[in-house]
J.: 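Quick one: the structure is below, questions incoming.
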Amino acid sequence: MDSVGVAAAAPDAGPGPAWQSKCPWGAPSTTSRSCSLADVMSEQLAKELQLEEENAAFPEVVAAAEGPFITGENTDTSSDLMLAQMLQMEFDREYDAQLRREEKKINGDSKVSISFENYRKVHPYDSDSSEDEVDWQDTRHDPYRADKPTTTPRRGFIGKGKDITTKHDEVVCGRKNTARMENFAPEFQVGDGIGMDLKLSNQVFNALKQHAYSEERRSARLHEKKEHSTAEKAVDPKTRLLLYKMVNSGMLETITGCISTGKESVVFHAYGGNATEDKVIPPECAIKVFKTTLNEFKNRDKYIKDDYRFKDRFSKLNPRKIIRMWAEKEMHNLTRMQNAGIPCPQVVSLKKHVLVMSFIGQDQVPAPKLKDVTLSSEDMKKAYYQILNMMQQLYRECSLVHADLSEYNMLWHDGKVWLIDVSQSVEPTHPHGLEFLFRDCRNVSQFFQKGGVAEALNERELFNAVSGLNITADNEVDFQAEIEALEKMNEDHVQNHGKKLSTFSSDGDPPIYDE
Ligand code: ADP
Ligand code: MN
């Protein structure tokens, strides 16, 4: 690519833009709240914190309020925009490469060196993304045609009779937009597009302009304090590209809108596309996008780094890859559950941090959470026994503890309970697996006891019923202590033998090993 615009830019250009548009959630609040280990993963707490944040900054998200998010029909402009954005990214990269060359030239072998880092366009967490790009060279048409963009005179039209061209003419307007790109911001590199006969549609132009301004603001913020994690958002350009590809490939027909925005993920509704030879796509899908926000996931490290299935990989990965592992973990856990016949979403596809699964609900309306639905006492009892059964299956057949089980992660659909949100689920032999199970039991017992199910076991009875353990302590504190003692025994055993117990045994039997 020609680098006219790149070479012309001096490093004293000041703070410039990088690759990010406006954050729909704003910067995460920095206020922190102390909480117990048990609260760290509590969805309820997460929801409360999130609500506070949202109330402060944003109006409620209405499902599909803004019409289709990405469809097969409107790909025209979105692909234009996408291409334009990627073009911009390419310019920024070249600019940075040039900057690095100059930096090297100036510093040479000198012991004292100056850094141009603050003038880079592409910020660190954007820089490992080359694999995400589509080959736009193949899809654009030749822009090298006319010499200079032409503009219309003040009176608003040129020509005569049926050859009149007004300022609204698509071609003229497109050229004008290209010329106006120069005015975005002094530091915004627009490359050599100005000299080409590029015709930007108003929509693309406006989006780029918006991008230029928000980049400027963001970049200024970044340079103020080196805190890259504040500027993230869920659907960044790269995620949008992944979603776009899913529609483009025909796997999805339309992405209609957002169902839920949580601390760690955003969930969209989509209509399924065409079946392939080996795969039937459900008519309606849920797309869970794990936020590429690094700081929110720190709390959850322990769920994955102590899970021996992922342990070896964990230490070698960068934060972006770790987030992909959450999506991967959810996929594996859902598959196990599916195999055991537990009602849960069916995995359709996993692409990086984007998980597509079947939609629980109908006609874009997600099934209500148990916390939001009013059940007859008969259904309530039915739901309780079903959950008791599912918890046992999960533990015994899937060898999993949900670890965030509550009325927030159970949906009521088709007269039964469906389990969702299993990215944090762990094996029972996880160092805190039994504690997580106990917390799940507490949530479930409390919900059904409050809901008037007289048969509902208390949390300790439920724990024993699910795990098959026989912890006899008759109060919460002692019970908890016994659980921790069991976990410690397992850990010690791992230290000594490098293997985990597949089953916990509380009655003095020799440990049973997992071969
Ligand atoms: P998190 O709580 O971590 O944000 P969840 O997996 O619980 O993520 O999804 C958030 C919300 O999105 C759920 O409470 C539910 O309302 C909706 N949702 C998630 N997956 C599905 C699905 N497969 N079908 C229907 N709704 C879903
Ligand atoms: Mn959830």
Side-chain angles (χ1 to χ4, degrees), residues 24-25 28 39-51 53-54 60-64 69 233-235 239 252 255-272 281-293 296-297 299-300 303-304 323 325-335 337-338 342-350 353-373 402-414 416-426 436 439-440 443-444 447:
W25 291 276
D39 285 339
V40 170
M41 258 312 301
S42 156
E43 180 135 343
Q44 195 150 359
L45 184 73
K47 282 267 143 60
E48 282 165 15
L49 290 171
Q50 188 202 333
L51 229 94
E53 261 176 43
E54 280 174 1
E60 214 169 301
V61 178
V62 183
F69 184 77
K233 59 193 189 92
V235 185
T239 306
L252 299 178
I255 300 176
T256 58
C258 176
I259 309 169
S260 148
T261 67
K263 269 206 171 303
E264 290 114 1
S265 73
V266 180
V267 180
F268 296 95
H269 171 274
Y271 284 108
I281 313 286
E284 290 184 76
C285 296
I287 308 170
K288 186 165 178 179
V289 177
F290 289 76
K291 282 197 189 180
T292 47
T293 312
E296 298 298 345
F297 275 91
N299 285 342
R300 306 179 113 202
Y303 287 83
I304 208 160
I323 285 155
M325 276 174 77
W326 284 104
E328 201 185 308
K329 210 167 172 234
E330 176 131 34
M331 178 187 72
H332 287 308
N333 292 342
L334 283 175
T335 307
M337 289 160 71
Q338 196 80 40
I342 295 172
C344 67
Q346 191 188 341
V347 174
V348 175
S349 158
L350 173 73
H353 57 290
V354 177
L355 178 67
V356 183
M357 57 191 146
S358 63
F359 180 72
I360 314 301
Q362 212 187 344
D363 298 333
Q364 296 186 43
V365 182
K369 299 178 184 72
L370 268 196
K371 87 169 178 63
D372 292 327
V373 76
H402 187 290
D404 193 13
L405 191 64
S406 73
E407 58 275 27
Y408 284 79
N409 282 330
M410 297 190 270
L411 306 182
W412 182 254
H413 179 63
D414 257 357
K416 62 182 172 192
V417 178
W418 298 64
L419 294 189
I420 60 162
D421 201 359
V422 291
S423 63
Q424 73 294 314
S425 301
V426 297
F436 297 152
R439 192 178 63 199
D440 285 354
N443 292 338
V444 169
F447 178 76

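FYI, side chains are in, hydrogens and waters are out, and symmetry mates aren't considered; it's all heavy atoms of this structure. Counting starts at 1 for both ligands and their atoms, in listed order. Starting from 1, each residue takes its place in the sequence as its number.
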J.: Looking at every heavy atom in both C285 and G272, which two are closest together, and how far apart are they?
T.: SG-CA, 4.2 Å
J.: Using a 4.0 Å cutoff against the non-hydrogen atoms of I420, which atoms of ligand 1 qualify?
T.: 7 (O), 13 (C), 14 (O), 15 (C)
J.: Regarding D404 and R439, does a basic nitrogen lie under 4.0 Å from an acidic carboxylate oxygen?
T.: no
J.: If you measure from each non-hydrogen atom of K263 to ligand 1, which part falls under 4.0 Å: side chain, backbone, both or neither?
T.: neither
J.: Round to 10° and report the angle made at the Mn ion (ligand 2) by OD2 of D421 and OD1 of N409.
T.: 90°
J.: Taking a cutoff of less than 4.0 Å between a non-hydrogen atom of the residue and any ligand atom, is S265 in contact with ligand 1?
T.: yes
J.: Please identify which atoms of ligand 1 are closer than 4.0 Å to at least one heavy atom of F359.
T.: 24 (N), 25 (C)
J.: Taking all non-hydrogen atoms of both residues into account, name the closest pair between E284 and Q364 and its distance.
T.: OE1-N, 2.8 Å
J.: Suppose I only count heavy atoms of N409 and a 4.0 Å limit; which atoms of ligand 1 are within that range?
T.: 7 (O)
J.: Under 4.0 Å from a heavy atom of M357: which atoms of ligand 1 are those, numbered in the order shown and with their elements?
T.: 20 (N), 23 (N)
J.: Could K288 and E330 be called an ion pair, given the rule that one side-chain N must be under 4.0 Å from one carboxylate O?
T.: yes
J.: Using only atom types and a distance under 3.5 Å, with no angle test, would you say the side chain of D440 pairs donor to acceptor with the backbone of A403?
T.: yes
J.: Go through ligand 1 atom by atom and flag the ones less than 4.0 Å from a non-hydrogen atom of P345.
T.: 23 (N)
J.: What is the minimum heavy-atom distance between A327 and L350, and which atoms define it?
T.: CB-CD1, 3.6 Å
J.: Check V267 against ligand 1 and report side chain, backbone, both or neither, counting heavy atoms closer than 4.0 Å.
T.: side chain
J.: Mind listing the closest non-hydrogen atom pair of E407 and N443 along with its distance?
T.: OE1-O, 4.3 Å
J.: I need the atoms of ligand 1 closer than 4.0 Å to a non-hydrogen atom of S358, numbered in the order shown.
T.: 22 (C), 23 (N)
J.: Would you say D421 and ligand 1 have an N/O pair spaced under 3.5 Å apart?
T.: yes
J.: So, for D421 and H402, which heavy atoms are closest and what is the spacing to 0.1 Å?
T.: O-CE1, 3.2 Å
J.: Under 4.0 Å from any heavy atom of K288, which atoms of ligand 1 are there?
T.: 3 (O), 5 (P), 6 (O), 8 (O)
